[in-house]
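Only one structure is covered here, and it is reproduced in the block below.
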2 protein chains.
Amino acid sequence: MKDHVHCHHCGLENDYCISLVPIFNHLEKPQMDEVMTLIHSKSYKKGEDIYQSGHTSDALYIVRKGRVKIYRLSESGKEQILRILNPGDFTGELALFNESVHDAYASALSDTDICMIKRNDLQNLLLKYPNISMRILSEFSNRLAQSETQTTRFATERVEMRIALFLVESLDTKSESHVVDLPMSKKDLASFLGTTPETISRKLFEFEDAGLIKQITNKKIEIMDVDGLLLI
Amino acid sequence: MKDHVHCHHCGLENDYCISLVPIFNHLEKPQMDEVMTLIHSKSYKKGEDIYQSGHTSDALYIVRKGRVKIYRLSESGKEQILRILNPGDFTGELALFNESVHDAYASALSDTDICMIKRNDLQNLLLKYPNISMRILSEFSNRLAQSETQTTRFATERVEMRIALFLVESLDTKSESHVVDLPMSKKDLASFLGTTPETISRKLFEFEDAGLIKQITNKKIEIMDVDGLLLI
DNA sequence: CGACGCTTTGACTATACTCAACCCGTGTGG
DNA sequence: CCACACGGGTTGAGTATAGTCAAAGCGTCG
């Protein structure tokens with residue numbers, strides 16, 4: 001059923017429309033149809049790799065359904081998670097404009113559907129519809145800002161503070177609930193925050209002892225005192 | 001004299017041409033002339049701020065002459081240097097496509113000349129000449145890759161290794177000399193590498209004791225054993 | 001039910017930060 | 001031209017932070 005609800009605006013099935021919003025949502029139906037002819041869909045099982053570092057890049061990948069983790073290996077071989085993609089997010093763009101070789105790994109955290117646009121098709125689209133470029137530029141600059149914020153945090157904040165900031169920023173600002181749903185295992189979270197599972201575990205219990213949070217289940221944390229967390 | 005040498009390709013004074021190369025060097029003379037009418041020049045003395053975090057952004061800044069440091073303040077107020085701009089590099093782009101508020105500081109490390117293009121003028125150029133978008137996209141994706149590399153290093157490498165990597169990557173691949181010219185004071189370098197001046201000083205002497213480098217002067221370091229440095 | 005992987009707990013340790021003192025080079029003013 | 005002051009750089013001692021390693025607990029999925 002749900003699969004066949006169509007979007008009023010572009011006439012696409014609803015989840016297609018949603019996943020393409022950030023880049024294409026200003027296009028009208030005829031142009032959208034053109035874009036659709038260029039899109040290839042592919043599904044990945046949980047745990048499957050979407051691409052690997054060193055592989056040739058030939059497409060932009062947009063997450064339609066599921067969740068994807070992007071990670072790198074450092075010079076000394078340690079894994080570090082760079083970000084988690086949710087439906088509507090895209091990746092693969094780094095290699096599209098330069099090297100054409102991926103510098104990171106992408107793997108499906110759950111069963112995932114991906115929309116792909118081939119490198120050449122995308123470049124043609126960009127030249128034809130400059131507005132799309134602006135969207136991607138805007139998305140890039142967001143990502144860059146976020147990456148630089150993360151860099152600065154690693155360089156200047158203690159682990160404790162990085163965890164606290166992560167929790168606070170994971171709060172859904174729209175809902176009134178102060179419960180955070182961890183988007184990944186604590187092992188992965190450790191990698192994302194540049195620390196170890198042991199340290200995460202210890203710090204969370206410290207926060208709990210201080211009355212700042214309450215660990216409801218493994219993946220659910222209630223934040224009792226936002227301001228307190230940020231003063232750590 | 002040198003100021004009046006003109007570029008064969010675009011007809012501009014040479015240093016203008018050089019500083020605009022990364023973004024505009026595919027344009028022919030008539031288009032280049034159009035771009036030139038949109039460019040405003042400004043000079044800054046050593047130590048002067050070009051922009052500050054929180055200020056409204058209304059331009060893209062291209063370094064024509066001199067050296068500029070871009071830095072942020074972390075949540076807890078510590079300064080961290082994100083990058084150093086040399087002639088031809090640009091900045092200010094983050095705010096151009098989104099927030100329109102700077103999230104970092106830019107200050108001149110030496111007497112500096114800057115070319116500026118106003119936000120609106122640039123956006124019009126991008127819509128008119130999609131190729132420029134591709135250049136900026138390419139530059140963005142470079143920067144993003146670099147920033148993510150830096151993030152991964154902070155998250156996974158020890159200070160020693162970060163210093164070693166910095167030295168090796170500062171080697172001018174073109175010249176045969178293995179002498180690195182530090183582009184900033186050790187105090188700033190410490191901030192860039194997420195450590196302290198004391199630690200930098202100590203590690204450099206450790207490298208020297210191990211025969212990996214030779215400290216010629218304060219700002220000149222000869223690298224004796226590249227591979228050894230990377231095995232630390 | 002069993003096994004595997006994630007998480008927790010504990011004890012120990014390394015890494016690198018802090019603070020304080022001192023050194024040095026450069027630029028300024030007498 | 002010298003003296004001094006200032007900022008950057010170095011050195012040393014002490015310590016906090018967070019990582020490592022090992023073992024045991026827990027949950028979940030086949």
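Order of the sequence lines fixes the chain letters, A, B, ..., with proteins taken first and strands second; residue numbering starts at 1 for each chain. Worth saying up front: this structure is predicted, and the values here are computed from it rather than measured.
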### Side-chain ion pair, A/R153 and A/E169, N-O less than 4.0 Å
yes
### Donor-acceptor under 3.5 Å (A/T151 side chain, A/S147 main chain)
yes
### Summary
Rounded to whole Å, CG of B/D209 lies from C1' of D/dT11 at a distance of 13 Å
### Message
What I want to find out is whether B/E160 reaches B/R202 closely enough, with some N-O distance under 4.0 Å, to be called a salt bridge.
### Response
no
### Summary
Quick note, side chain to side chain donor-acceptor pair (under 3.5 Å) partners involving residues 204-213 of chain A, not counting sequence neighbours, are A/E208-A/Q215
### Message
Aromatic contact between A/Y71 and A/F192, with the criterion being ring centroids under 6.0 Å apart: yes or no?
### Response
no
### Task
Please name all residues satisfying side chain to side chain donor-acceptor pair (under 3.5 Å) with A/E198, sequence neighbours left out, ordered by chain then number.
none
Between N or O atoms, less than 3.5 Å apart, protein on one side and nucleotides 25-27 of chain D on the other: list the pairs.
none

### Query
Would you say the side-chain atoms of B/R64 pair up with the backbone N or O of B/D113, donor to acceptor, closer than 3.5 Å?
no
### Task
Can you tell me the distance, in whole Å, between the NZ atom of B/K46 and the P atom of C/dG27?
9 Å
### Rounded interatomic separation in angstrom, taking CE from A/M184 and C1' from C/dG5
18 Å
### Query
With the threshold set at 4.0 Å, does a side-chain nitrogen-carboxylate oxygen contact exist between A/K78 and B/E157?
no
### Summary
Taken to the nearest whole Å, CD1/B/I216 to P/D/dG9 is 17 Å
### Task
Give the rounded distance in Å between these two atoms: CD of A/E206 and C1' of C/dT8.
14 Å
## Note on the structure
All heavy atoms of A/L182 vs all of A/N218, minimum pair found to be CD1-O, 4.0 Å
### Query
Whole-Å distance between C/dT9 C1' and A/Q215 CD?
14 Å
### Message
So for the helix from C/dC1-D/dG30 to C/dG30-D/dC1, with five pairs setting each end axis, what is the inter-axis angle to 10°?
### Response
40°
### Task
Pull out every residue in residues 187-203 of chain B that has a heavy atom closer than 4.0 Å to any atom of DNA chain C, ordered by number, or say none.
B/G194, B/T195, B/T196, B/E198, B/T199, B/R202, B/K203
### Query
Could you give the CZ-to-P distance, from B/R158 to D/dT20, as a whole number of Å?
10 Å
### Working for side chain to side chain donor-acceptor pair (under 3.5 Å), residues A/Q80 and B/T152
CA-CA 6 Å; A/Q80 204 244 334; B/T152 301; 3.2 Å; yes
### Message
Holding to side chain to side chain donor-acceptor pair (under 3.5 Å), I want the full list of residues that pass it with A/T149, two or more places apart in sequence or in another chain.
### Response
B/R72
#### Entry: Side-chain N,O (A/K219) to OP1/OP2 (C/dC6) below 4.0 Å
no
## Note on the structure
note: A/E157, atom CD; D/dA18, atom P; distance rounded to Å ~ 11 Å
